[in-house]
Enquirer: 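Quick one: this structure, given as structure tokens, is what I'll be asking you about.
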2 protein chains.
Amino acid sequence: MISSIAELISDRIGTMPAGERRAAQTLIASYPLIGLKTVAEFSAAAGVSSPTILRFVARLGFQNYPEFQSALQDELAAQLQSPASRALNPPSPNGGAASPMLEATLDNLRETFRHLSDKQLADIVAKLADRRGKTFLIGGRFTDPLARYMAAHLAIVQPNVFHLAGQESVWRDRLIDMGKRDVLVIFDIRRYQDSLVRLAETAHQRGVQIVLFTDQWLSPIARFARHVIAGRTAVPSAWDSSAALFVVAETLIGAVTRQLEADGAKRIRELESLR
Amino acid sequence: MISSIAELISDRIGTMPAGERRAAQTLIASYPLIGLKTVAEFSAAAGVSSPTILRFVARLGFQNYPEFQSALQDELAAQLQSPASRALNPPSPNGGAASPMLEATLDNLRETFRHLSDKQLADIVAKLADRRGKTFLIGGRFTDPLARYMAAHLAIVQPNVFHLAGQESVWRDRLIDMGKRDVLVIFDIRRYQDSLVRLAETAHQRGVQIVLFTDQWLSPIARFARHVIAGRTAVPSAWDSSAALFVVAETLIGAVTRQLEADGAKRIRELESLR
DNA sequence: GGAGCGCTGTATCGTATGTTACGTATTTTG
DNA sequence: CAAAATACGTAACATACGATACAGCGCTCC
């Protein structure tokens, strides 16, 4: 079974004429980057002419050069999705059925945070900790519990935190309460829910800042969002995983709490004396 | 010091207009692959027009689109050269407040699963997938969302799954419905809630099997529980983390679904035909 | 409420890119 | 050794890609 293009090449390199073999070797040498550049650059690097490059990719079975490049990109995508950790990590000490799930989740967490900058988090924290506005939270069919989880914590450290529960018609009416200073935190992963998109659109029109938790394919709500957190959701299961978004939510909860403490919010002091 | 383009983007994303910000978010979400494709594909993925993409790369300081792509490719090249360094990267590339939280969570996950035997998981899965009994789920102040999350999934793959919501007096009455064949899944971490303990005790007396998700110090409910899942909760935050329990829950959800598929449950087949 | 500014998309343009045809060189085979 | 077949590069071509000019729109600030 030949899975990668590199294998395909080494499989057929024996049957190639001299020029094409040089192309193959050049590509393998700095795989796969040369293949992503233009035919002219590739041919120059290999020291052959451009038609030779094209004949080379044709021999590999591709209809044209762009198709070849797309294949390389897809390969790269797959490689980047599941980072090297899988190759490094010792064959899991706990070899059972749980382990692939755990490994995938660990990867998802690392990848999610790798794509998340401190600045972005800091911006969101600043907005959430801004006590001048209200905070609303809502999620989709499977992610609404995450909205509840976040709301449960935030509502303790600051006032004016509301989880939008119940039927669509109910929380749509809450739009009246939302204005420019307010934040709407939405959790929405595939399959994206129309009702949430409509909510987001209306809220956006009212000037509400939207913080969106979504998956890496980005909910259409990203269009209206001020801040987008894209979490990895792929796991070996029939369901997508929201674990990465959950951990980001916990991180934000912690950071907002710390921020409010730093601000010396009276509420925090009162809370501590209550305990 | 700004080294990667991703950093550059998150640094300036705050100063960008809406359209360009969408471009930035799209790129970050599946970094850096979209940026290697054509302007047209990039713009389509981001849901903006091509000129917006070009303005976006111009704002990042690139003279033209090809130059931007070259920069991305160079970055990729450096990354692919030393794949190990990226996965390990102890001096976190993202050294701020988020990282300790992430590290602690990763540790918690690993530790939690290390203390979790396959057999234990298998037993719980078998019980949850047993269609002869009903499944009830409930959680505490902060963990009830986890119960909801689990219920939302389980209720799809099998009938008779109920989340106990609302006031204590309400769900206490549901005890009447519970019998020997039924399962009660309880989430309870510090500070343990008396109301849940009382519920667990009564349910236990009625012969209900209890599956308890708790922290490493074990809720008093452990005394009545048939199965206990102890998750690590310590993180550098004012709050405890439920992430480990969340991931165990997702693992169980996936395993139960797989089990039911293996059992050839009619419901699963019907579900698939519905989609 | 009105004027100005900035952002965004549509449509057009020039060009760099991939593609192909053809002629020459090189190798292979009878 | 000759003749044919294969391989390779040059050059012309067409397409699709990135770039730009312009107009419409919404927003902010007087």
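So that the names make sense, note that chain A is the first sequence line, chain B the second, and so on, each numbered from 1. Everything numeric here is computed off the predicted structure, so don't read it as measured data.
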Enquirer: Just checking, any donor-acceptor pair under 3.5 angstrom between side chains of A:S241 and B:E250?
Expert: yes

Enquirer: Can you give me the bend angle of the helix from C:dG1-D:dC30 to C:dG30-D:dC1? Use the axis through the first five pairs and the one through the last five, nearest 10 degrees.
Expert: 30°

Enquirer: Using atom CD of A:Q69 as one end and atom C1' of D:dA16 as the other, report the distance to the nearest whole Å.
Expert: 13 Å

Enquirer: How are the rings of A:Y65 and A:F42 set to each other: parallel, tilted or perpendicular (split at 30° and 60°)?
Expert: tilted

Enquirer: Could you give me the CA-CA distance, side-chain angles and deciding distance for B:R148 and A:D144, then say whether salt bridge (charged side-chain N to carboxylate O under 4.0 Å, His left out) is met?
Expert: CA-CA 9 Å; B:R148 285 178 183 270; A:D144 195 54; over 6 Å; no

Enquirer: List every contact pair, protein side and nucleotides 5-8 of chain D side both N or O, where the distance is under 3.5 Å.
Expert:
residue	atom	partner	partner atom	Å
D:dC8	OP1	A:A18	N	3.2
D:dC8	OP1	A:G19	N	2.5

Enquirer: Using a strict cut-off of less than 4.0 Å between a Lys/Arg side-chain nitrogen and an Asp/Glu carboxylate oxygen, indicate whether A:R114 and A:E111 qualify as a salt bridge.
Expert: yes

Enquirer: Tabulate protein N/O versus nucleotide N/O from nucleotides 27-30 of chain D, keeping only pairs under 3.5 Å, one per line.
Expert:
none

Enquirer: What I want to find out is whether A:D107 reaches A:R232 closely enough, with some N-O distance under 4.0 Å, to be called a salt bridge.
Expert: no

Enquirer: By side-chain hydrogen bond (donor to acceptor under 3.5 Å, both in side chains), which residues pair with A:H204, not counting sequence neighbours?
Expert: none

Enquirer: Here's one to test your reading of the geometry: is the NZ or CZ of A:R174 within 45 degrees of the ring axis of A:F136 and under 6.0 Å from its centre?
Expert: no

Enquirer: Classify the ring geometry of A:F68 against A:F62: parallel below 30°, tilted from 30° to 60°, perpendicular beyond 60°.
Expert: perpendicular

Enquirer: Separation of B:K37 atom NZ from D:dA16 atom C1', in whole Å?
Expert: 16 Å

Enquirer: Nearest whole Å is fine: how far is D:dT20 P from B:Y65 OH?
Expert: 15 Å

Enquirer: Identify whether the distance between the nearest side-chain nitrogen and carboxylate oxygen of A:D123 and A:K127 falls below 4.0 Å.
Expert: no

Enquirer: Tell me, which pairs form a salt bridge (Lys or Arg N to Asp or Glu O under 4.0 Å) where one or both residues lie in residues 206-224 of chain A, sequence neighbours left out?
Expert: none

Enquirer: Is the side chain of B:S70 donor-acceptor paired with the backbone N or O of B:P66 at a distance under 3.5 Å, no angle test?
Expert: yes

Enquirer: Is the closest side-chain donor-acceptor distance between A:Y31 and A:E75 under 3.5 Å?
Expert: yes

Enquirer: Which nucleotide of DNA chain C is the first, and which the last, in the 5' to 3' direction, to come under 4.0 Å of a heavy atom belonging to chain B?
Expert: C:dC7 to C:dT10

Enquirer: So B:W239 and B:F142, would you call those rings parallel, tilted or perpendicular, with 30° and 60° as cut-offs?
Expert: perpendicular

